[in-house]
Structure formats: structure tokens, C-alpha cells
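Being a predicted model, the structure only gives us computed values, none of them experimental. When reading the values below, keep in mind they use all heavy atoms of this one structure, side chains included, and skip hydrogens, waters and symmetry mates.
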Amino acid sequence: MNKKYSKHKTVKRKLASVKAFYSYLEYEEIIEYSPFNKVRTKIKEPHVLPKTIQKENIEKIIQYLFDRVSSAKTDFQTIISIRNIAIIGLLFSTGIRISELCNIKVADINFNEKTLKFFGKGSKERILYIGNETVVDLCKEYKQLNEYVAENDYFF
């Protein structure tokens with residue numbers, strides 16, 4: 001099977017399917033004993049690193065977002081554009097997950113100390129410093145411009 005299929009996951013899936021089929025036959029008493037009961041298969045998958053975004057593409061994204069702020073025709077478009085830059089900036093500067101970013105509350109951002117408190121994986125509370133001054137300023141500006149941030153618990 002390793003020669004026929006190029007991916008390790010395919011081989012593991014096929015083995016799991018055959019094992020499950022024989023377990024079903026044994027459970028239904030069609031066969032007395034599953035030959036896979038004593039078989040232990042351990043297929044090591046190569047560790048694949050996550051793909052990264054090239055620096056040039058990141059710069060293009062950020063430049064596009066800043067262009068959207070300058071070309072905004074309404075206050076609403078300006079607020080949304082600043083929000084989008086703040087979101088991308090926080091993701092890049094802190095490395096937090098999107099799910100963690102979505103759960104950031106207004107009280108979790110301390111602009112004086114430039115810290116961000118959030119709950120990470122396993123509900124562990126973490127505090128990070130926002131090292132990029134531009135991101136801190138954008139978050140402040142977004143909070144000041146968006147009147148709904150003050151009324152709601154969540155920042156974004």
C-alpha cells in the first residue's frame with residue numbers, strides 16, 4: 001500500500017476502514033475472530049510545517065488596507081477600514097489565533113501598558129505586550145470612532 005499510495009494518510013485511512021470492517025464482522029458473529037485484533041500498525045507521518053505568507057504579500061495586504069482608509073467616503077467605511085487594519089495588525093504583531101482575537105473584550109486591552117489579556121487554548125489566561133505602536137494607536141482610534149465598542153463587551 002505504501003508503494004501504491006503516495007500519502008501516509010491514505011494508507012492509514014484504508015487500514016482503519018479494513019479494521020473497522022473486520023470488527024463489524026466479528027461483532028455480527030459472521031467471523032469468529034478478527035485477524036486485525038493482534039495487528040499493530042504504526043505509520044509515522046512526516047511533520048509538515050505550516051505554510052507562511054511571503055513578506056511582499058503581507059506588505060501588499062497592509063498597503064491595501066491603508067489605501068481603503070484614505071479612500072473611505074463615509075464614517076462607517078472609515079471605521080470598518082481601521083478595524084480591519086487593527087485586526088490584521090494584532091494578528092501579525094502578537095501571533096494570537098483568530099478565535100482568541102474574536103473573544104477579546106474591551107477591558108482586556110490596556111492601552112497605557114500596551115498589553116492584551118486573552119484566554120488561549122485550554123482556557124489559559126495569557127497576557128501579551130503589543131510591541132507595535134501603530135497597532136496600539138489603531139486600536140485606540142477604532143475604540144474612539146466606534147461608539148458600539150463602549151456599549152459592548154467585545155472589542156471587535
### Message
Taking atom CD1 as the centre, does Ile30 end up with more than 12 heavy-atom neighbours from other residues, nucleotides or ligands that are less than 6.0 angstrom away?
### Response
yes
### Message
Can you tell me if Tyr33 has over 12 outside heavy atoms packed within less than 6.0 Å of its OH?
### Response
yes
### Query
If you count the non-hydrogen atoms of other residues, nucleotides and ligands that lie under 6.0 Å from OH in Tyr64, is the total more than 12?
no
### Task
Tell me, with the steps shown, if Val135 and Thr94 meet side chain to side chain contact (heavy atoms under 4.5 Å, CB included).
CA-CA 10 Å; Val135 174; Thr94 61; over 6 Å; no
### Query
Roughly how far, to the nearest 0.5 Å, is the CD1 atom of Ile130 from the OG1 atom of Thr115?
7.0 Å
### Query
Could you give all pairs that pass the salt bridge (charged side-chain N to carboxylate O under 4.0 Å, His left out) test and reach residues 111-124, with sequence neighbours left out?
Lys114-Glu133
### Message
Measuring from atom CD1 of Ile82 to atom SG of Cys139, what distance do you get when rounded to the nearest 0.5 angstrom?
### Response
11.0 Å
### Query
Is there any salt bridge (charged side-chain N to carboxylate O under 4.0 Å, His left out) pair reaching into residues 61-75, and which pairs are they, with sequence neighbours excluded?
none
### Summary
dist Ile109:CD1 -> Leu90:CG (nearest 0.5 Å) comes out at 6.0 Å
### Query
Around Glu125, counting heavy atoms of other residues, nucleotides and ligands shown, do more than 12 lie under 6.0 Å from its CD?
yes
### Query
Just wondering, more than 12 heavy atoms not from Glu32 lying within 6.0 Å of its CD?
no
### Query
Is atom CZ of Phe92 surrounded by more than 12 heavy atoms (other residues, nucleotides or ligands) closer than 6.0 Å?
yes
### Message
Are the side chains of Val136 and Phe111 in contact, using a 4.5 Å heavy-atom criterion?
### Response
yes
### Message
I'd like to know if the side chain of Thr78 and the backbone of Thr74 have a donor-acceptor N/O pair within less than 3.5 Å.
### Response
yes
### Query
Is Glu59 atom CD crowded by more than 12 heavy atoms from other residues, nucleotides or ligands, each under 6.0 Å away?
yes
### Query
Any side chain to side chain donor-acceptor pair (under 3.5 Å) pairs touching residues 81-91, not counting sequence neighbours?
none
### Query
Would you say the side-chain atoms of Asn132 pair up with the backbone N or O of Thr134, donor to acceptor, closer than 3.5 Å?
yes
### Query
With a 4.5 Å limit on heavy-atom distance, are the side chains of Phe155 and Asp108 in contact?
no
### Query
Can you hop from Val106 to Leu128 via hydrophobic side chains spaced under 4.5 Å?
yes
#### Entry: From Asn152 atom CG to Glu147 atom CD, the distance as rounded to the nearest 0.5 Å
10.5 Å
### Task
If a pair satisfies salt bridge (charged side-chain N to carboxylate O under 4.0 Å, His left out) and one of its residues is in residues 84-98, list it, with sequence neighbours excluded.
Arg97-Glu100
## Note on the structure
Applying side chain to side chain donor-acceptor pair (under 3.5 Å) to Tyr142 and not counting sequence neighbours gives Asn146
### Task
Determine whether Pro35 and Tyr22 make a side-chain contact, defined as any pair of heavy atoms from C-beta on separated by less than 4.5 Å.
yes
### Task
Provide the full list of side chain to side chain donor-acceptor pair (under 3.5 Å) pairs with a residue in residues 11-21, sequence neighbours left out, each pair given once.
Lys12-Glu45
### Task
Working to the nearest 0.5 Å, report the span between CD1 of Ile85 and CG of Asp137.
12.5 Å
## Note on the structure
Rounding to 0.5 Å, atoms CZ (Phe156) and CG (Leu101) come to a distance of 5.5 Å
